[in-house]
Structure formats: structure tokens, C-alpha cells
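Step one of this worksheet: look at the structure below.
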Amino acid sequence: MALDYRKCAQDIFSRLGGKENLVSAAHCATRLRLVTVDNSKIDMKALEDVDGVKGVFSASGQIQIILGTGTVNKVYDEFLAITGLTAASKEDVKAAAAAKQPLPQRMVKALGDVFVPILPAIVASGLMMGLVEALGHAIPSFADSDWYGFLDLVSATAFAYLPVLIAVSAARVFGGNIFLGGVVGLCMIHSGLINAWSVAGMETIPTWHLLFFNVKQVGYQGHVIPVIIAVWLMCFIEKRLHKVVPETIDLFVTPLVTVLSTVFLTFTIIGPIFSTAETYVLNFAQWLITVGYGVGSLVMGAIYPLTVVCGLHHMYNVIEAGLLSGEGGMNIWMPIASAANFAQCGACLAVALKSKSAKNKTVAIPSALSAALGITEPAIFGVNLRFMKPLVCGMIGGAIGAMFGSIMDIGANAYGVTGIPGFLIVDSSKILPYAILLVISGGIAFALTWFVWKEEAPKTVSAPKAEPALPAIDCQPGTVYAPVSGTAIPSEEIPDETFAAGVLGQGVGINPSEGVVVAPFDGEISSVTDTHHAVGVTSPDGMELLIHVGVDTVAMQGDGFTCFVQEGQQVKAGDKLIAFDRDKIAAAGHPDVVVVLVTNSDDYENLTIQPGPCKAMDQVIQVK
């Protein structure tokens, strides 16, 4: 009996706690994805019992109702008609789900979203900067060479103009114009301003008198938080102006007012507030390291990475310079910074070695090397802050190492480097204790991270052992060929609980060796997703097949996919159906396994799977 799509949608709606409990609704190739105000109001058991529903689960703040290919489209249309909701994309639903998360979690996620796209720049620059600085201290003649100047320019650029990179990325995250974001970032480090790293010690700082504000003409080099706040404000203003400014003048009025108002508020309110906070932090830090028994150093060793997140760490040179010029002339701040930095290295290295994700390793290994050389931004922003537990473990290791350094009275004769290059400036009588400090800091952070941090379910699929037999699913009657070349795996190894559990039907996954999907038999295209990552094919004998490229690839919104067929089209075995870009899928963080499921497998008596290598048009399903 055919499913009553209207009744199915009505039954789903009746179990969701009322219309006021619904936020948004979208769908992918197989599932209805909902965001609700309060999930506790939903009768999950009753939802599972609705005719047509094949499973229900909650993930990433969404209620996902499994309906199957073809069915989900029709039920979704009826659901919108019943509820009065407007159609939403999967990205809209994800945004709505994210908005329900606690504020601290949303803030950390926003930081991660801002920094992930710029990681390649800061990881490469951080590693190169550490190496160049180490060589410059180890070989004085190299520090005076043209090559040093050239390499220093290349390595330091990403950090010198970091506010611009952050501003562009933040504008993308907050939904604003990225080029307006870039302008805001450039304003904050304009060449007409005094560089923030060189302002310390200046007796007179030029000032603008703007309305009731006295604005110091100082840039924001090295800062993170004020840039993100400024761009968030810019996006807020821009969106509001787009709604109220007439279209005829919106093109020039909105950008002009947005940038002018944002930069004015940044320099008059956001910046000064943050600068005042910096002063208090620095004074507090300078007082802390004088507290006896290493207690103050322990505290600073713990919170040092947080000041890196805020961009305050560049100001510590003021403390170091004061210590060197004062009585005793010894820099006791350097071992605190070294302990904190090397601890972040240890935590990042543990992630690199423990993670099974090639993507995580690619970022974590060079980031750990960079942190060992004293440049921790790649490790903190690229790895530890994203996973949080490694950051905390690093803070603990840094605290204990810094306390050890204070008790052992370790000091340096200069400043500017930490970590391994710190051996070049540490007091000669304290080289061994300094080495022990690095071992304690990095070792504790590494060990804690190794035992505390656990990687989430891997995004990649491990290759199965090759079997001599070709993959096959034998049942009654007909023949299905492999739609793509690669290596077939049992359905339970597909990295998606819905596919793996056989909720949508039995079948295989194929780890592809190429990016072309062909028709597995003669038949008719029964469904095509809007994002072109999945198709349904029905044979003349009534076999219904779902071919789904990748896991969660609906989030790519069709980027990297080209579909060559449309619903209702007749195809022959071997006809090209979909082309997909495996590199783009990998870059988006999704497995590219091609899922091949007989969605009406319950209609057949027997089904067996033999994993192994296959080529397109090899027999994979036999129905006799």
C-alpha cells in the first residue's frame, strides 16, 4: 500500500510539541532535519512508530527523521504546508541548531570557524618564523644578512597583518561582506598608525579628538578579540542597513555607513576598552611573578595561553624589558612563557600522534613544531582551542613547568624567544634546569592530553582487507553493476549510522578510486537531490536503488558535484550519472564513500556481501 505522505507529515507534526516548538525544517536525500525549541517536548518513541518513518535520532542539535530517498521530498512538502514553515537549507538548519547552544560554546565555535580557513597561513608562517629567529640567534652573522631580512619578511607577514586575515574570515562567519571586513581590518593596522608592538616606552602618543573621545593613534597588530568584535559589529550594522536603505542607494550608502560607523566605534569604544584591559592584565602579571614559592608563576603559566588568544602576549616584552633594566638584570618572565608555550606544544603533539584523522595530523604536526620554537598561535588556534581539552591540559603542564622555573630561579639574559631557541638566551648556569622545565611542561601536557582527549568518530573510512572474490550482493532476481570503481566495504562499515544500520536498505559502500558514478543497470531515474550528490534508480523489475556520494555531503550545497540526469529519465547500464570532486569532498571534511543501497531489500529473500576491489560495471548485486 502506498504511503500517505500527507498523513505521515501530519503524524510527525503532531508529535513535535506544537508549532511553537518548531524553529526550522530542511531535508537531505533521506532525512527530514528539524530544529526545535525544546527537544524534551518531542515524543521520540511515538515518532519512530509513525508509518513511513524508518528511524529517529538527535545529532548536532537537530532532530533527524529517516524517511528514505524519494519519500522525504514528498513528506517535506506536506510538512511545510501543514506547519506553515518556509523551506530552509541544511545550512539554515545548522545555524538554527547552533544558535541553541550555550553562549560559551557558541563563542568557542565562532573562534574556530574564524581561524580554520586561515590555518595554512599561520601554521606555515609560525613554523618558518620560529626557524628564522632560532637561526638568527644561533648565527649572528646570518641575522645581519639579506637572506635573514627576506625570510623574516616572508615569515612575519601573516602575523603582522593577522587582523586583516581575521577580519575577512570573521566577516564570512558572521554573514557580512568579506571585503568590507578586510577594510575594517586594514584600518586597524593602517600604516598611518603607530605599530602596537613599538608603542611601549613612548612618552608622547599622537591623539585624535573626535567628538567626546580622545583616540590614540595606535594600531592593533597582533590582536584577535577586538578585531572579531569589530567585524561582528560591522556585520550587524550592514545587515540592518540592507533592510532599511532603499535599493536605489543601498549600493553605496550601506558600505559607506557600515565601515565609517564600525571603525569609529572600534577606535573610540571597542579599542580603548580592550587597551585598558591589557593594562590591567600586564600590571597583574607583573605583580604575580613576584609572589613567592612560585605560586604567581604557576598562575601565569596556566593563563598565558588565554592571553595569546586575546593577543596580549606581545605586550609582555614590556615586562621583560623592565626586568632586564632593573636591579639584577635578569629576565625571569622568559621561563614562564617557555613553560606555557612548550606545554601547548606537548598537547598539540599528543593530538597529532593520537589522532587517526589525516586532516588533524596535517595541521597538528607542523603546529607542534612551531610551538616548540616559541610560536604557539598555530597550535592554540589550529588544534588545542578547537578541541578544548588539549588547551586545558597544556595550561596545567605550563603551570607546573612555570612554577618549577620560579623555584629553580631560572632567568634569561635577553628576551624575544622561548622554547628550544630559549637555550640561546637562558643564563648559562641554568641550562640543565631549563631543559628539565621544558620536559616537565611538555611531558605533563602530552600525557594528560593523551589520556584525557578522545577523538570523535573518524571522518575517514579505513580500507578493508582485499578479498579474492569480487563484491557481490546475491538475491532474487536481476543484476546490478558497481556504479564506481574502488574498494567495496560491508554496509556496517559505512561511517554513517543510518546507512550502516541498514535502515534505508541493505547494500555496500565503495571507497572510490575515481570521481564518476555510472548507472548500475537499465532503468529509470526515480529521484535526484537538489545538491546533485545522490540519485535513485528503479529497474524494470521494480528494484529500487539509492546511490549516495559521500557522507553528509549535502552540506556542500552541490559544490563539487555535477549531475547528468534528471528525474524520470531512462538510462542504460554504464550511462554517466554524477561526477564528483574527491579533493573538494576531502577538503570539506567528509568521507567520499559511495553508498549503494537496495532500498526495497525487504522484498527479496537473500542478500550476501563480499567486500573487495571492484571496477565500474563489475557485478555487485545479483537478483535472480
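Since the model is a prediction, treat every value here as computed from it, not as a measurement.
At a threshold of 4.5 Å between non-hydrogen side-chain atoms, the residues L353 and W450 count as touching. Proximity of H532 to T562: side-chain heavy atoms (C-beta onward) are nowhere separated by under 4.5 Å. Between I400 and I440, some side-chain heavy-atom pair lies under the 4.5 Å cut-off.
Shown here for S485 and E514, the closest heavy-atom pair between the two residues is OG-OE2, 3.7 Å. Nearest heavy atom pair, residue G419 against residue S338, reads N-OG, 3.0 Å. Considering every non-hydrogen atom in both G181 and M234, the closest pair reads N-SD, 3.5 Å. Heavy-atom minimum distance, W453 versus P390: CD1-CD, 3.9 Å. Across all their heavy atoms, P433 and F404 have their closest contact at O-CE2, 3.4 Å. When all heavy atoms are compared, the tightest approach of A402 to A339 is N-CB, 3.4 Å.
The number of heavy-atom neighbours closer than 6.0 Å to CZ of F142, taken from other residues, nucleotides and ligands shown, is above 12. Around OH of Y161, the count of heavy atoms belonging to other residues, nucleotides or ligands within 6.0 Å does not exceed 12. Sparse packing is recorded around NZ of K389, with 12 or fewer heavy atoms of other residues, nucleotides or ligands lying under 6.0 Å away.
Using a 30° and 60° split on the angle between ring planes, F561 and H533 fall in the perpendicular class, above 60°. Aromatic ring orientation, W147 versus F150: perpendicular (interplanar angle above 60°, classes split at 30° and 60°).
One side chain, S355 or E455, offers a donor N or O that lies under 3.5 Å from an acceptor on the other.
Going from atom CG of L597 over to atom NE2 of H548 covers 9.5 Å, rounded to the nearest 0.5 Å. Remark: F342 CZ to I444 CD1 distance equals 13.0 Å, nearest 0.5 Å. Annotation: the span from L437 atom CG to K430 atom NZ amounts to 12.0 Å, rounded to 0.5 Å. From I332, atom CD1 reaches atom CG of D409 across 7.5 Å, with rounding to the nearest 0.5 Å. Atoms CZ and OG1, on F580 and T553 in that order, are 10.0 Å from each other to the nearest 0.5 Å. Atom CG of D152 is separated from atom CG of L135 by 12.0 Å, given to the nearest 0.5 angstrom.
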Step-by-step side-chain hydrogen bond (donor to acceptor under 3.5 Å, both in side chains) determination, T487 to N511: CA-CA 5 Å; T487 303; N511 288 324; over 6 Å; no
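Judged by distance alone, the side chain of T449 and the main-chain N or O of A445 form a donor-acceptor pair under 3.5 Å. Checked by atom type and distance alone, the side chain of S145 pairs as donor or acceptor with a backbone atom of Y148 at under 3.5 Å.
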